Amino acid sequence: MKIVASQQKLPDSDKVTVNVGLVDLAQMDLLVEEGFYSNRTDFVRTAIRNLLQQNAETIRQTVVRKRYVMGLHRYSLRELEQVVADGQQLDIHVLGLAVIEDDVPAELAMKAIASVQVLGAFVAPPAVRAALADRVHS
C-alpha cells in the first residue's frame, strides 16, 4: 500500500520495476521491433491487462469475500460524523484509492475508523495518518 500526503495530486498510477530474463526480454524486443507493441512498456501493460482479464472472476470473488470497495472511495467529514452518530466504526477495505478528506480531524477519524486495508494508495491528512497508524494494514 502506498501512503500519499493529502496535499499532493491524487495518484492514478505507480511505478513497478521488474527484472526480466534475457531471452524473455529479447522476445519482447522482437515483438516491439515487428510493430505488435509500440515499446516495452506497452507490451508489459498489455500483458498485465490480459492477465487481469483472465483472472477477473477470481478477483471478483475475492473482492466480494473480503468486502473490498473497488476504485476510488472518499471518506468525508459528514460520512464519518454519521458513522460515529450511529455508534459504529468502519473497517475500510479498498482495492484502488482510499481518500480521507482534508477537513476530517484526527479525533473523528479515530472514533469512526476501526481498521484500514488498502491495496493501492491511501491518501489522508498527516494528522489522520498518524492517528490511524496502528490501524492501517497493508
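These figures come from a predicted structure and were not determined experimentally.
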Self-check item: Arg60 and Glu57 ion-paired at < 4.0 Å
Solution: yes
Quiz item: Does any non-hydrogen side-chain atom of Phe36 lie less than 4.5 Å from one of Thr46?
Solution: no
Quiz item: Closest heavy-atom contact between Tyr68 and Thr62?
Solution: CD1-O, 4.4 Å
Quiz item: Between Gln82 and Asp86, is any side-chain donor less than 3.5 angstrom from a side-chain acceptor?
Solution: yes
Quiz item: Applying side chain to side chain donor-acceptor pair (under 3.5 Å), which residue pairs with at least one partner in residues 20-29 are found, sequence neighbours left out?
Solution: Asp29-Arg40
Quiz item: With sequence neighbours left out, what residues match Arg74 under side chain to side chain donor-acceptor pair (under 3.5 Å)?
Solution: Glu101
Quiz prompt | Minimum heavy-atom distance Leu25-Val20, with the two atoms named | solution = N-CG1, 3.7 Å
Quiz item: Do Asp42 and Asn39 touch side chain to side chain, with heavy atoms closer than 4.5 Å?
Solution: yes
Self-check item: Test item: Ile100 and Ile113 side chains (from C-beta on) under 4.5 Å apart, heavy atoms
Solution: yes
Quiz item: Atom CG in Leu119, atom CG in Leu95: separation rounded to 0.5 Å?
Solution: 5.5 Å
Quiz item: Judged by atom type as modelled, is there a donor-acceptor pair below 3.5 Å linking the side chain of Gln117 to the main-chain atoms of Ile92?
Solution: no
Self-check item: Beyond-backbone contact of Arg129 with Phe122, side-chain heavy atoms, under 4.5 angstrom
Solution: yes
Self-check item: Gly71 versus Val94, closest heavy-atom pair with distance
Solution: O-CG1, 3.7 Å
Self-check item: Heavy-atom side-chain proximity of Tyr75 to Leu90 below 4.5 angstrom
Solution: yes
Exercise. Determine whether Leu77 and Pro105 make a side-chain contact, defined as any pair of heavy atoms from C-beta on separated by less than 4.5 Å.
Key: yes
Exercise. Determine, using the 4.5 Å side-chain heavy-atom cutoff (strictly less than), whether Met70 and Leu52 are members of one ILVMFWY cluster.
Key: yes
Quiz item: Is Val18 close to Val44 at the side-chain level, that is, under 4.5 Å between some pair of heavy atoms?
Solution: no
Exercise. List the atom of Asp91, the atom of Ser115, and the distance in Å for their closest heavy-atom pair.
Key: OD1-OG, 2.7 Å
Quiz item: Measuring from Gln88:CD to Leu80:CG, what's the distance to the nearest 0.5 Å?
Solution: 12.0 Å
Practice problem: Can you see which heavy atom on Ala109 is nearest to which on Arg135, and at what distance? | Solution: O-NH1, 4.4 Å
Quiz item: Shortest non-hydrogen contact from Arg67 to His93?
Solution: O-CB, 3.5 Å
Quiz item: Are Val16 and Phe43 grouped together when hydrophobic residues (ILVMFWY) are joined by side-chain heavy atoms under 4.5 angstrom apart?
Solution: yes
Practice problem: Evaluate the side-chain contact (heavy atoms from CB on, under 4.5 Å) criterion for residues Val32 and Met28: first the C-alpha distance (whole Å), next the side-chain angles of each, then the deciding distance (0.1 Å), finally the verdict. | Solution: CA-CA 6 Å; Val32 169; Met28 285 172 49; 5.5 Å; no
Quiz prompt | Gln61, CD atom: more than 12 neighbouring heavy atoms under 6.0 Å | solution = yes
Quiz item: Do other residues, nucleotides or ligands put more than 12 heavy atoms under 6.0 Å from Leu22 CG?
Solution: no
